[in-house]
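Heads up: numbering here begins at 1 and tracks the sequence.
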Amino acid sequence: MMMKHKANMAMVFVQIIYAGMPLLSKVAISQGTNPFVFVFYRQAFAALALSPFAFFLESAKSSPLSFVLLLKIFMISFCGLTLSLNLYYVAIDNTTATFAAATTNAIPSITFVLALLFRLETVTLKKSYGLAKVFGSMVGMLGALVFAFVKGPSLINHYSNNTIPNKAVPSTKNSVKGSITMLAANTCWCLWIVLQSKVMKEYTAKLRLVTLQCVFSCMQTAVWAVAVNRSPSVWKIEFGLPLLSMAYCGIMVTGFTYWLQVWAIEKKGPVFTALYTPLALIITCIVSSFLFKETLYLGSACGAFLLVCGLYTGLWGKTKEDEVQIYGEKQSQQEIKEEIIV
C-alpha cells in the first residue's frame, strides 16, 4: 500500500520542505541580502551537495551528452531555475511570505495549460476524470485568488515577543509589482516542470540532470548578479539566518526536492507534480501567522479550503485517468496474446 502511494508521499514531503523556502528567504532578503547573490549561493550549495551523489550513484546510468542536448539543458536551466528564482526573490522583497506562497498556487493551472500545449496531457471532457482535472484546476485557482484578495475578520493575530519583529520582515512595499513578478516567475517554473519530461527521455540519469542544471544556473546567476551590482560587498555572506536560508534553499529545496520532482514527473507526469503546490501555502500561512505577525483572515481560511478541494478533485481525476490507461494497456496486451494463440 505504501509503495503504491510513494509518489504522493514524496510530493507531500516536497511541499513541507517548500513551505520553509518563502519564510527563510523573506528573512534573508529583508535583512539586506542581495536577491541575485542569494540565488547564486543557493545554487552553489545545491550543486556541491548533489555532485557526489550524482557521480557515485549514477555512474552506470550516465548517457553521452551531445552538444544539442547540453544546449537544451542549459536553456531549461536558464528559464526554469535562473530566471524563475531571480524573479521570485525580486518579488518576495515586495510582498509577504504568505502572499508569495499564495501566488504560487497558479502553478497547477499554468502547468496544465502548458502540458496541453506541449501535448503531454490530454483532456477528455466526456469522461468524469477529464472534467475533474479541469474543475480541480479552476477551483484551485479560485482558492488562490480568494486567499490573496479576500480578507474578512481576523482569526489569528499574534503580537508576542517570540515572533520575528516587523523590522526584519516588513510588510508589502509594492503588491502589484510583487504579484506580477511572482506570476512571471511561476510561469517560468511551470515551463521547467513541463520540459523536464521531454529532456528525461534523452537523458535518463535524473540526479546528474538536476546537478547539471544547478551548475548552469549558478554560472548564469553569477553573470546576472555581477551585471546588476558590481559592488564586492554584496557577495559577503552574513552568518546566522541568511547563511541558514541559503543552505536550506540550496541543499533541501533546489537539491533534494528538485530530484524528487524530476522522479515524480517521470512516474506521474507534470500535472500530478504541480497539483500538490497548494499544500505549501497552507503550511506557510500557519507558520507565518505565528512567527512573522501576519494576520490570518477568514478569507484566507476559505481560500485554503478551496485550494484543498481543488487539489483532491484534480488528484482524483488524474488517478482515475491513470487507472483507465493501465486497464486499456492490459486489455490491448491480452488481445495481442489471444491473436498470437489463435
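- Taken from CG in Leu81 to CZ in Phe78, the straight-line distance is 11.0 Å, to the nearest 0.5 Å.
- Ala10 is linked by a side-chain contact (heavy atoms from CB on, under 4.5 Å) to Leu260, Trp263, counting only residues two or more places apart in sequence or in another chain.
- In this structure, Ser245 contributes its side chain and Leu24 its backbone to a donor-acceptor pair below 3.5 Å.
- With sequence neighbours excluded, the residues that form a ring pair (Phe, Tyr, Trp, His ring centres under 6.0 Å) with Phe13 are Phe256.
- Counting only residues at least two apart or on different chains, no salt bridge (Lys or Arg N to Asp or Glu O under 4.0 Å) pair has a member in residues 212-232.
- Applying the salt bridge (charged side-chain N to carboxylate O under 4.0 Å, His left out) criterion to Lys72, with sequence neighbours excluded, gives Glu202.
- Residue Ile17 is grouped with residue Ile193 when hydrophobic side chains (ILVMFWY) are merged at heavy-atom distances under 4.5 angstrom, including chains of intermediate members.
- The closest side-chain heavy-atom distance from Tyr248 to Arg42 is not below 4.5 Å.
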Give the C-alpha distance, both sets of side-chain angles, the deciding distance and a yes or no for side-chain contact (heavy atoms from CB on, under 4.5 Å) between Leu195 and Met75.
-> CA-CA 10 Å; Leu195 293 176; Met75 294 308 297; over 6 Å; no

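- Partners of Phe53 by side-chain contact (heavy atoms from CB on, under 4.5 Å), not counting sequence neighbours, listed by chain and number: Leu57, Leu207.
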Carefully, step by step, assess Met219 and Val223 under the rule side-chain contact (heavy atoms from CB on, under 4.5 Å).
-> CA-CA 7 Å; Met219 294 163 55; Val223 175; over 6 Å; no

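- Residues Val90 and Asn86 fail the side-chain proximity criterion, which asks for heavy atoms closer than 4.5 Å.
- Residues passing the salt bridge (charged side-chain N to carboxylate O under 4.0 Å, His left out) test with Lys320, sequence neighbours excluded: Glu323.
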Given the rule in the side-chain contact (heavy atoms from CB on, under 4.5 Å) test, do Leu212 and Leu65 qualify, once you have shown the distances and angles that lead to the verdict?
-> CA-CA 11 Å; Leu212 263 176; Leu65 275 168; 3.7 Å; yes

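- When the side chains of ILVMFWY residues are joined at heavy-atom separations under 4.5 Å, either directly or via intervening members, Leu87 and Leu183 end up in two distinct hydrophobic clusters.
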Donor-acceptor contacts under 3.5 Å from residues 34-41 side chains, at least two apart:
{"from": "Asn34", "atom 1": "OD1", "to": "Phe36", "atom 2": "N", "distance (Å)": "2.9"}
{"from": "Asn34", "atom 1": "OD1", "to": "Val37", "atom 2": "N", "distance (Å)": "3.2"}
{"from": "Tyr41", "atom 1": "OH", "to": "Trp235", "atom 2": "O", "distance (Å)": "2.7"}

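- Across all their heavy atoms, Ile251 and Phe45 have their closest contact at CG1-O, 4.0 Å.
- Taken from CG in Asn186 to OG in Ser84, the straight-line distance is 7.0 Å, to the nearest 0.5 Å.
- Take Ser25 and apply the side-chain hydrogen bond (donor to acceptor under 3.5 Å, both in side chains) test, not counting sequence neighbours, and it matches Tyr89.
- Rounding to the nearest 0.5 Å gives a distance of 11.5 Å between CE of Met11 and CD1 of Ile16.
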Go through Met21 and Tyr88 one step at a time and tell me if the side-chain contact (heavy atoms from CB on, under 4.5 Å) criterion holds.
-> CA-CA 11 Å; Met21 183 177 70; Tyr88 176 88; 3.8 Å; yes

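- Residues satisfying the side-chain contact (heavy atoms from CB on, under 4.5 Å) criterion with Ser51, sequence neighbours excluded, are Thr211.
- Side-chain contact between Tyr203 and Leu70: absent, with no pair of heavy atoms (C-beta onward) separated by less than 4.5 Å.
- Val194 and Ala115 make their closest contact through CG2-N, 4.0 Å (heavy atoms, listed as atom of the first residue, atom of the second, distance).
- The hydrophobic clustering, which links ILVMFWY residues whose side-chain heavy atoms are closer than 4.5 Å, places Met246 and Leu48 apart.
- The cluster map of Ile, Leu, Val, Met, Phe, Trp and Tyr, joined by side-chain heavy atoms under 4.5 Å apart, puts Trp189 and Ile73 in the same cluster.
- Shown here is Met252, whose CE atom has more than 12 heavy atoms of other residues, nucleotides or ligands within 6.0 Å.
- With no hydrogens or angles considered, no side-chain donor-acceptor pair links Ser217 and Ser77 at under 3.5 Å.
- Residues Val139 and Leu306 come closest through the heavy atom pair CG1-O, 3.3 Å.
- Considering every non-hydrogen atom in both Gly317 and Lys133, the closest pair reads C-CG, 3.9 Å.
- Taking Gln196 as the reference, Gln213 meet the side-chain hydrogen bond (donor to acceptor under 3.5 Å, both in side chains) condition, with sequence neighbours excluded.
- Here the OG1-CG distance, from Thr221 to Leu83, works out to 9.5 Å after rounding to the nearest 0.5 Å.
- By the 4.5 Å heavy-atom criterion applied to side chains, Gln220 and Phe74 are counted as neighbours.
- Linking ILVMFWY side-chain heavy atoms closer than 4.5 Å, directly or via other members, places Ile237 and Leu85 in a single hydrophobic cluster.
- Residues satisfying the side-chain contact (heavy atoms from CB on, under 4.5 Å) criterion with Ser231, sequence neighbours excluded, are Asn229, Ser233, Val234.
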